[in-house]
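Reading through the structure tokens given below for one structure.
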Amino acid sequence: GGLVMKDDSSNVSKQFALTFRLLKTAWGIRPRAVIGFFVGAILEISGFLLTIYATAKLSSLLARYISGGDTGDIWFWLAADIASAIIVGLGFLAMNYYKNLLYFGFTRWSIYTFLSSVSRLDIGDFYNQDIRNQINKVGNGYSWQISNLSGTALDLIYAIMRLTIITAV
């Protein structure tokens, strides 16, 4: 036999376990970047909800204006709509910035971990063709695959947060 890999891509509980394991690792690498990402996510989600409310209020005031009613608050709701759109943009900007910081942090961490593991191998193992091929295979993708996976995991957590909050409201 050889090494047989099972396809666990449909196992949701393992996917969530991996996501939270990556989040725990990210917290160990750059805790401020994790906090910054979630602050950006909260800004974006709250700005989005405020935009929906302000736009609806603005639409109702415009309908009232057409029918000849009072529109005293129209400028306030227009400013609120613009401000909430700016908050959404700042939230996305913060999320992107901190996700990039985590990407580079994960890249540095994974390279360090890989090289540290390789340096502990016995020198005789380097002359074994199978082990050398495995090292080359892992080395070719190890430094960037975990970094990309961390970004995808953060996107998943953000999407779940957004869905939960918007559904609750």
Side-chain angles (χ1 to χ4, degrees), residues 3-55 79-123 125-126 130-169:
L3 181 63
V4 177
M5 304 265 311
K6 289 186 344 185
D7 181 20
D8 288 334
S9 60
S10 63
N11 190 337
V12 175
S13 63
K14 285 187 180 183
Q15 298 296 323
F16 279 112
L18 178 61
T19 297
F20 288 111
R21 184 174 169 195
L22 282 167
L23 186 61
K24 181 181 173 187
T25 304
W27 182 262
I29 294 171
R30 288 193 176 207
R32 288 184 184 158
V34 174
I35 292 169
F37 177 83
F38 284 112
V39 166
I42 290 169
L43 276 174
E44 189 279 329
I45 295 167
S46 59
F48 175 74
L49 292 172
L50 183 59
T51 298
I52 290 173
Y53 184 76
T55 301
D81 201 14
I82 293 169
S84 60
I86 291 171
I87 291 171
V88 168
L90 290 174
F92 272 124
L93 182 69
M95 285 176 15
N96 189 41
Y97 175 76
Y98 289 112
K99 194 163 75 166
N100 285 336
L101 282 180
L102 283 168
Y103 176 89
F104 292 119
F106 262 104
T107 301
R108 189 182 79 215
W109 172 83
S110 65
I111 290 171
Y112 172 79
T113 304
F114 175 71
L115 292 177
S116 176
S117 298
V118 168
S119 69
R120 288 191 296 267
L121 287 175
D122 188 18
I123 194 70
D125 291 336
F126 284 106
D130 293 333
I131 291 176
R132 197 169 54 242
N133 287 343
Q134 189 69 18
I135 290 170
N136 288 336
K137 204 186 285 185
V138 171
N140 285 335
Y142 191 74
S143 64
W144 60 270
Q145 288 180 353
I146 291 178
S147 303
N148 285 342
L149 185 60
S150 70
T152 305
L154 288 172
D155 289 341
L156 175 65
I157 293 169
Y158 160 71
I160 291 170
M161 279 177 53
R162 193 170 204 267
L163 175 69
T164 304
I165 291 171
I166 290 173
T167 303
V169 173

My understanding is that only residues two or more places apart in sequence, or in another chain, count here; which of them pass side-chain hydrogen bond (donor to acceptor under 3.5 Å, both in side chains) with [X]?
| X | value |
| --- | --- |
| Thr152 | none |
| Ser84 | Thr51 |
| Thr25 | none |
| Ser116 | Arg120 |

Practice problem: Not counting sequence neighbours, list each pair that qualifies as a side chain to side chain donor-acceptor pair (under 3.5 Å) and has a residue in residues 86-102. | Solution: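 Found Lys99-Asp155.
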
Exercise. Could you tell me which residues satisfy ring pair (Phe, Tyr, Trp, His ring centres under 6.0 Å) with Phe92, sequence neighbours excluded, listed by chain and number?
Key: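 Residues passing ring pair (Phe, Tyr, Trp, His ring centres under 6.0 Å) with Phe92: none at all.
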
Distance (rounded to the nearest 0.5 Å) between [X] [atom1] and [Y] [atom2]:
| X | Y | atom1 | atom2 | value |
| --- | --- | --- | --- | --- |
| Lys14 | Thr19 | NZ | OG1 | 14.0 Å |
| Ile157 | Leu23 | CD1 | CG | 4.5 Å |
| Leu22 | Leu154 | CG | CG | 8.5 Å |

Exercise. Apply side chain to side chain contact (heavy atoms under 4.5 Å, CB included) to Ile86 and list each qualifying residue two or more places apart in sequence or on a separate chain.
Key: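 Scan of Ile86 (side chain to side chain contact (heavy atoms under 4.5 Å, CB included), adjacent residues dropped) gives Ile82, Leu90.
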
Exercise. Could you pull out all residues at least two apart from Phe16 that satisfy side chain to side chain contact (heavy atoms under 4.5 Å, CB included)?
Key: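 With sequence neighbours excluded, Phe16 shows a side chain to side chain contact (heavy atoms under 4.5 Å, CB included) to Val12, Phe20, Leu156, Ile160, given in chain and number order.
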
Exercise. List in chain and number order the residues that pass salt bridge (charged side-chain N to carboxylate O under 4.0 Å, His left out) with Arg162, two or more places apart in sequence or in another chain; answer none if no residue qualifies.
Key: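 With sequence neighbours excluded, Arg162 shows a salt bridge (charged side-chain N to carboxylate O under 4.0 Å, His left out) to Glu44, given in chain and number order.
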
Exercise. For residues Phe106 and Asn148, determine if any side-chain heavy atom of one lies less than 4.5 Å from a side-chain heavy atom of the other.
Key: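 No. Closest side-chain heavy atoms not under 4.5 Å.
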
Exercise. Would you check if Leu149 and Leu18 make a side-chain contact, meaning some heavy-atom pair closer than 4.5 Å?
Key: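 With C-beta onward as the side chain, the pair touches.
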
Quiz item: Taking all non-hydrogen atoms of both residues, which atom of Ser147 and which atom of Thr107 are closest, and how far apart?
Solution: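 Heavy atoms of Ser147 and Thr107 come nearest at OG-OG1, 2.7 Å.
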
Quiz item: Do you know which two heavy atoms are closest between Val88 and Gly47, and how far apart they sit?
Solution: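 Residues Val88 and Gly47, closest heavy atoms: CG2-C, 3.3 Å.
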
Name every donor-acceptor pair, under 3.5 Å, that has one atom in a side chain of residues 27-43 and the other anywhere in the protein, sequence neighbours excluded.
none

Quiz prompt | side-chain contact (heavy atoms from CB on, under 4.5 Å) evaluation trace for Thr113 with Ile146 | solution = CA-CA 12 Å; Thr113 304; Ile146 291 178; over 6 Å; no

